[in-house]
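Residue numbers start at 1 and run along the sequence shown.
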Amino acid sequence: MRRFFIEKIELNDGLCVIPEKEAKHMAKVLRMKQGDSFILMDSHGSRFESIIEDISRHEVTARIIRELAKPESSSLSINICQAVLKPQKMDYMIEKTSELGVSRIIPFYSERTVIKMDEKQASNKIRRWTEISIGASKQSGRLAPAEIDIPVKFDNLLETLGKLGGFKVLLWEGEEYKSLKETLRSNKISENFTGIIGPEGGFTKKEAAMLKEAGIISVSLGSRILRAETAAIALTAVIQYEWGDLGV
């Protein structure tokens, strides 16, 4: 059954009005019609089996049939700090890590970041990335979409990391001694995990040193050199398998 997302489900005599964006998708793209069933979700984790009472390109009125059980929230909160990538790669990383259950994505600029944005461009990107996160939450049936932060400079990232609790790792191709697998299995499971991944060209040695000085554990995924967006997805899958709810 198709899933649709609105910020908050508000009922009036068992009816809910779905705003223009999702209404347009339902009517124009999917060509849904009166009497079609679907699942309506919101950012609070509520979800209802619903049926279309009335539909136009600008608004859909849905009748709520029954409330569905909320999916269980994960015991593991995952933050991914990702240096801003080229648009297609960044979109892909956000989509796939969101499907895998990342709680928060913190984009940042490092020395080798190719893409730099002004305030207006960043605001537009946040809207797009949030839409991608919402789409991924509908696809995977997760409780709520991943939170997407405004991109920050590297120095501000260090400040943010200092405020985050839990276990933190830096994926760095220059790490020769510590593997992610050994590091995870030799440490106690944490309820909060943060992974830091660099840009297409990787972190500079100075940036890696600054992160390690801030208490971040530098780890390697092995002998393969992964693309930045692949590394973020692989890290999320591994931590979900080892500490989270992947496969449970």
Counting only heavy atoms not in [X] (residues, nucleotides, ligands), do more than 12 fall under 6.0 Å from its [atom1]?
{"X": "Tyr92", "atom1": "OH", "value": "no"}
{"X": "Lys153", "atom1": "NZ", "value": "no"}
{"X": "Ile150", "atom1": "CD1", "value": "no"}
{"X": "Gln121", "atom1": "CD", "value": "yes"}
{"X": "Arg128", "atom1": "CZ", "value": "no"}
{"X": "Lys116", "atom1": "NZ", "value": "yes"}

Using a strict 4.0 Å threshold on nitrogen-to-oxygen distance, state whether [X] and [Y] make a salt bridge.
{"X": "Lys21", "Y": "Glu131", "result": "yes"}
{"X": "Glu242", "Y": "Arg185", "result": "yes"}
{"X": "Glu22", "Y": "Lys138", "result": "yes"}
{"X": "Glu175", "Y": "Lys178", "result": "no"}

Does [X] belong to the same Ile/Leu/Val/Met/Phe/Trp/Tyr cluster as [Y], with side-chain heavy atoms less than 4.5 Å apart forming each link?
{"X": "Met210", "Y": "Leu164", "value": "yes"}
{"X": "Val152", "Y": "Tyr109", "value": "no"}
{"X": "Val17", "Y": "Met41", "value": "no"}
{"X": "Leu221", "Y": "Ile197", "value": "yes"}
{"X": "Leu161", "Y": "Val84", "value": "no"}

Quick one: does [X]'s side chain get under 4.5 Å of [Y]'s, heavy atoms only?
{"X": "Glu111", "Y": "Glu207", "result": "yes"}
{"X": "Ile52", "Y": "Phe38", "result": "yes"}
{"X": "Lys24", "Y": "Val29", "result": "no"}
{"X": "Leu211", "Y": "Ser218", "result": "no"}
{"X": "Val238", "Y": "Tyr241", "result": "no"}
{"X": "Ile6", "Y": "Lys8", "result": "no"}
{"X": "Ile78", "Y": "Ile239", "result": "yes"}
{"X": "Gln240", "Y": "Leu76", "result": "yes"}

State, to 0.1 Å, how close [X] and [Y] come at their nearest heavy-atom pair, and which atoms those are.
{"X": "Phe203", "Y": "Gly198", "result": "CE1-N, 3.3 Å"}
{"X": "Gln82", "Y": "Met93", "result": "CG-CE, 3.5 Å"}
{"X": "Asp149", "Y": "Pro107", "result": "O-CD, 3.3 Å"}
{"X": "Cys16", "Y": "Ile64", "result": "CB-CD1, 4.5 Å"}
{"X": "Ala232", "Y": "Thr97", "result": "O-CG2, 3.8 Å"}
{"X": "Ile9", "Y": "Leu40", "result": "CD1-O, 3.7 Å"}

Could you walk me through whether Ser220 and Trp172 pass side-chain contact (heavy atoms from CB on, under 4.5 Å), step by step?
CA-CA 6 Å; Ser220 167; Trp172 188 43; over 6 Å; no
How many angstroms lie between [atom1] in [X] and [atom2] in [Y], if you round to the nearest 0.5 Å?
{"X": "Lys168", "Y": "Ser190", "atom1": "NZ", "atom2": "OG", "value": "10.0 Å"}
{"X": "Ser37", "Y": "Glu49", "atom1": "OG", "atom2": "CD", "value": "6.0 Å"}
{"X": "Gln139", "Y": "Ile134", "atom1": "CD", "atom2": "CD1", "value": "15.0 Å"}
{"X": "Ile55", "Y": "Met32", "atom1": "CD1", "atom2": "CE", "value": "6.5 Å"}
{"X": "Ile196", "Y": "Leu235", "atom1": "CD1", "atom2": "CG", "value": "9.0 Å"}
{"X": "Glu229", "Y": "Gln88", "atom1": "CD", "atom2": "CD", "value": "9.0 Å"}

Go through the steps to decide whether Arg47 and Glu67 satisfy the test side-chain contact (heavy atoms from CB on, under 4.5 Å), and finish with yes or no.
CA-CA 6 Å; Arg47 51 197 62 207; Glu67 185 170 7; over 6 Å; no
So Asn156 and Phe108, side-chain contact (heavy atoms from CB on, under 4.5 Å) or not? Walk me through it.
CA-CA 8 Å; Asn156 298 120; Phe108 66 93; over 6 Å; no
So does [Y] get a backbone contact from the side chain of [X], meaning a donor-acceptor N/O pair under 3.5 Å?
{"X": "Ser46", "Y": "Asp42", "result": "no"}
{"X": "Glu200", "Y": "Lys86", "result": "yes"}
{"X": "Glu99", "Y": "Ser140", "result": "no"}
{"X": "Ser98", "Y": "Ile94", "result": "yes"}
{"X": "Thr113", "Y": "Ile115", "result": "no"}
{"X": "Ser123", "Y": "Glu119", "result": "no"}
{"X": "Asn187", "Y": "Leu184", "result": "no"}

Applying side-chain contact (heavy atoms from CB on, under 4.5 Å), run through Phe4 and Met26 and close with a yes or a no.
CA-CA 9 Å; Phe4 298 93; Met26 296 170 82; 3.4 Å; yes
Name the residue from Ile216, Ile189, Ile217 that meets the side chain to side chain contact (heavy atoms under 4.5 Å, CB included) definition with Phe167.
Ile217
Walk me through whether Thr61 and Asp54 qualify under side chain to side chain donor-acceptor pair (under 3.5 Å).
CA-CA 5 Å; Thr61 301; Asp54 187 49; 4.9 Å; no
